[in-house]
Amino acid sequence: MDEENSLLHFLDDTPSSHYRRTCGGYSSQNDGDDHSDASDADPSNARDRLETLLNQPANKFCADCGTPDPKWAALPFGAFICIKCSGTHRSLGVHISKVISVNLDEWTDEEVNCLANSGGNATVNTKYEAFLPENYKKPRQDFATEDRAVFIRKKYELQQFVTNPQFACPLHKHGAEKRHNQQHSGSKHGTFRNSWRKKESENKGGKKMMDVGMVEFVGLIKVDIIRGTDLAVRDVMSSDPYVMIMLGHQSMKTKVIKNTLNPIWNERLMLSIPEPVPPLKVQVFDKDTFTSDDRMGEAEVDIQPLISAAREYQSSIITESTQICTFLASENSILAKDSIISIVDGKVEQEIALRLQNVEHGELEIKLECVPLSQ
């Protein structure tokens, strides 16, 4: 490879391009396309192969801090990481690092292939820590969240340790730092409310966060997007709806259900819960091919009561299913019907029927489950 080709190859080796090359299938999970082929994979076979990868010596410790028995994976890098480091990986965005739980998520053959082809923690650290300075203190399991965040961003997003600093391309470094500094902070606590657009305008004038990875995570929230009812028409006679959820700087979206006003998703999304805890933002869109997607309503959910209930359950002796508290629906409430926080099979859950706001009509059914950090 001559000098010109080497430079082009280096410029193309950004986190996002590496993501597309190594595990391009993940982009389809977030672009609204159908996923009929994903159901053909054998989950039991994928699970067996995943266990084999986990048992490799280098994969028994977090690739970033060395914590034993990591239960998370960062794709497309192919690293097994601990739950504390997974929080920072999530804050990088799924276009850079997609975090999947070893135990909580159902793995497909494609995902396991992506992990296996990357070579595991040994290969990951050989590449992304190739030029780690001798005097640089790599995080250990007792390091603070801020120290982990700084290291993980340098390692994966800025890729400062991939090449010899004497020959690093200034264009590549400048571009990574620019993307890094363009992320913004902002969101406040609240109850069920319909202030999406107001919050957006407030955040535009808000203070920039120099490092959004420097946050503490208190657990995970699983969001089951179940169904929509009587959604608004945005095409000629119908709509192609999908749902986007946001929690702090994290966002995920469902697949698109074509040509229906009563879609059934039954799709699970999962986000880390930052501290302080922001509201969970839910928004429905109509997918358009040639123009920007149309809004079909939004809502905000206060997840603080669910988190409090999960923490209380950890220290309780309750062993059977029970209802913890109820939020009553009313004519002016964002709730279409009463919402109950309950313990079901050892899980703290909340079923919510949302009356979508800033739209003609439409409801959205979701179910939340809180998994505290200690679990």
Side-chain angles (χ1 to χ4, degrees), residues 26-27 29-32 86-100 179 182-209 211-226 228 231 241-256 265 267-287 292-307 334 350 352 354-359 362 364-371:
Y26 283 110
S27 60
Q29 293 184 6
N30 294 286
D31 63 5
S86 74
T88 297
H89 276 265
R90 285 180 184 276
S91 71
L92 297 178
V94 294
H95 62 293
I96 295 178
S97 182
K98 181 178 178 68
V99 178
I100 304 180
R179 290 191 303 273
Q182 282 177 341
Q183 301 189 49
H184 292 70
S185 66
S187 68
K188 301 178 181 178
H189 290 200
T191 55
F192 298 97
R193 57 183 182 267
N194 58 342
S195 55
W196 184 284
R197 293 193 176 109
K198 180 180 178 182
K199 292 292 181 182
E200 285 184 337
S201 62
E202 289 176 354
N203 289 343
K204 286 181 181 179
K207 178 182 177 182
K208 285 188 178 181
M209 252 183 124
D211 195 337
V212 297
M214 293 185 181
V215 293
E216 193 71 35
F217 291 94
V218 298
L220 301 169
I221 186 163
K222 302 178 185 178
V223 184
D224 290 342
I225 309 296
I226 301 173
L231 299 183
Y242 68 90
V243 178
M244 175 177 286
I245 62 171
M246 297 179 64
L247 191 63
H249 297 279
Q250 308 161 85
S251 64
M252 296 192 73
K253 60 184 178 181
T254 67
K255 62 186 177 183
V256 173
W265 285 281
E267 189 170 345
R268 170 166 290 183
L269 308 176
M270 187 161 54
L271 299 170
S272 297
I273 304 174
E275 180 68 42
V277 179
L280 176 68
K281 297 183 178 183
V282 182
Q283 193 165 31
V284 183
F285 286 96
D286 168 56
K287 180 70 175 179
S292 59
D293 296 346
D294 299 316
R295 292 175 180 264
M296 299 177 65
E298 61 250 356
E300 285 192 6
V301 179
D302 181 10
I303 62 173
Q304 193 70 261
L306 180 67
I307 297 172
I334 200 171
Q350 182 177 10
I352 307 174
L354 294 168
R355 187 179 290 119
L356 296 173
Q357 305 296 297
N358 301 317
V359 69
L364 181 68
E365 293 182 32
I366 64 174
K367 184 171 73 172
L368 309 179
E369 178 189 343
C370 179
V371 182

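Here the structure is a predicted model, which is why all the values come from computation and not from measurement.
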So, for [X] and [Y], which heavy atoms are closest and what is the spacing to 0.1 Å?
X    : Y    : value
P278 : G248 : CG-N, 3.6 Å
S97  : L92  : CB-CD1, 4.2 Å
K222 : M270 : CG-SD, 3.9 Å
L354 : A299 : CD1-CB, 4.1 Å
E275 : V218 : OE1-CG1, 3.4 Å

Next item on the list: Verify, without hydrogens or angle tests, whether D302 (side chain) and Q304 (backbone) share a donor-acceptor contact under 3.5 angstrom.
Entry: yes
Margin query: Determine whether a donor-acceptor pair (N or O, by modelled atom type, separation under 3.5 Å) exists between the side chain of T254 and the backbone of V243.
Written below: yes
Margin query: Working to the nearest 0.5 angstrom, can you tell me the gap between E298 CD and I334 CD1?
Written below: 9.0 Å
Non-hydrogen side-chain atoms of [X] and [Y] separated by less than 4.5 Å:
X    : Y    : answer
E369 : R268 : yes
Q250 : P274 : yes
S272 : V99  : no
V223 : L247 : no
L356 : L231 : yes
L269 : L271 : no
M252 : E267 : no
L280 : L368 : yes

Next item on the list: Could you tell me which residues satisfy side chain to side chain contact (heavy atoms under 4.5 Å, CB included) with D293, sequence neighbours excluded, listed by chain and number?
Entry: Y242, F285, K287, D288
Notebook entry, point to check: Taking it one step at a time, do L220 and S86 satisfy side chain to side chain contact (heavy atoms under 4.5 Å, CB included)?
Noted result: CA-CA 11 Å; L220 301 169; S86 74; 5.6 Å; no
